[in-house]
Amino acid sequence: MKKIPATDFDLALTLASGQAFHWVADRSAGGNGYLGVIGEQPVRLEQKGDLLVFATPGREAPIRNYFALDHPMAEIYASFPDDPILQEACRGCRGMRILRQPKWECLATFITSSMKQVTHISQMSHAIRGKFGSPVSFGEDLLYAYPSPERLAAATEEELRDCKLGYRAKNLLGTARMIAEGIVDLEAIANMDDDAARAELCRLPGVGEKVANCALLFAYERLRSFPIDVWIERVLRERYFSRKRKVTVKRLKDFCADHFGPYGGYAQQYLFHHARTS
DNA sequence: CTCCAGGTTCCGG
DNA sequence: CCGGAACATGGA
């Protein structure tokens, strides 16, 4: 068994926080582990105290990278504004990391996320992987990598609708095609500043400001990105702007961009999780 | 049955 | 810039 030190890290909390949607709990061997795929590599992980335990050799670097074990958590927490609403959310979110996911997989998954509950997003992710992804075996279990843009570009809208995507099928297909044709280069976006990167992502069908911000936050390590979904908007209006009438979305965006600071994405994720679980 | 979910896009003020 | 409406699906 290999072990990676992981302080200020909570595996279960991180995987339950609505960033990645394909990990499954694995109780085999009386454990409390998780089975999933990092890129093309199958992994079984289990947290024991401040250690991340796994069996497969050569997985340490991808695991450390995916779970962003290098994030400066003390600095991040110290950067948060001293506001009671965020501090309350932080209490239940200690150890939750913003992941560093593969870019295409993250973007594609969030294209399917619009107007869907987290459990539905998970179902669609597994359906897409099972239907189009490369199988990778892990012991007795068969897992699936997320299919490449080229593979999905070769699919039909009907096949994608069979994965319960509904109207999202057209968007995912259109985006896969644009990327497969090189019209948008997801790797090149990594070298752009936040605004340029967001604008470039928004050229893709089904990608608006919210989905772009999710990709920037969960895959491009832009920790200032602050996706505003229905949950966050509710928190903002009910807690931060209570007793104020007619608050426009632009007002909310401007407030968030300033108030939550350089690691606003972390603050956003904690507020999101707290709102969703209480 | 009704309500709602990690939205985007298009259209008329 | 702002508010409305259409767009699919399934769990609560």
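Sequence lines set the chain letters: A, B, ... in the order given, protein chains first and strands last, and positions in each chain run from 1.
- Heavy atoms of A:G18 sit under 4.0 angstrom from at least one base atom.
- Cation-pi check for A:K103 over A:Y220 is met; the charged atom lies under 6.0 angstrom from the ring centroid and within 45 degrees of its normal.
- Counting non-hydrogen atoms under 4.0 angstrom, A:R251 reaches nothing in the nucleic acid.
- Protein atom CH2 of A:W231 is 9 Å distant from nucleotide atom C1' of B:dC4, rounded to whole Å.
- For B:dT8, its base never sits under 3.5 Å from the side chain of A:K210 at any donor and acceptor pair.
- A:R276 has no side-chain polar atom (N or O) that falls below the 4.0 Å cut-off from OP1 or OP2 of B:dC4.
- Contact annotation: A:T248 reaches the phosphate of C:dC2 (side-chain N/O to OP1 or OP2, under 4.0 Å).
- Nearest-nucleotide assignment on DNA chain C puts the 5′-proximal partner with A:V249, out of A:R161 and A:V249.
- Using a 4.0 Å heavy-atom distance criterion, A:T112 is classed as making no nucleic acid contact.
- A:Q269 comes within 4.0 angstrom of a base, heavy atoms only.
- Using a 30° and 60° split on the angle between ring planes, A:Y270 and A:Y266 fall in the perpendicular class, above 60°.
- Ionic pairing of A:R237 and A:E233 is present here: one or more N-O contacts between side-chain nitrogen and carboxylate oxygen are shorter than 4.0 angstrom.
- Looking at heavy-atom distances under 4.0 Å, A:L204 makes contact with sugar-phosphate atoms alone, never a base.
- For the OP1/OP2 pair of C:dT9 and a distance below 4.0 Å, the side-chain nitrogens and oxygens of A:Q117 include no atom meeting the criterion.
- Residue A:R168 places no side-chain N or O under 4.0 Å from the OP1 or OP2 atom of C:dA8.
- Counting only heavy atoms from C-beta outward, the side chains of A:L45 and A:F67 approach each other to under 4.5 Å.
- Note: NZ (A:K116) to P (C:dA8) measures 11 Å, nearest angstrom.
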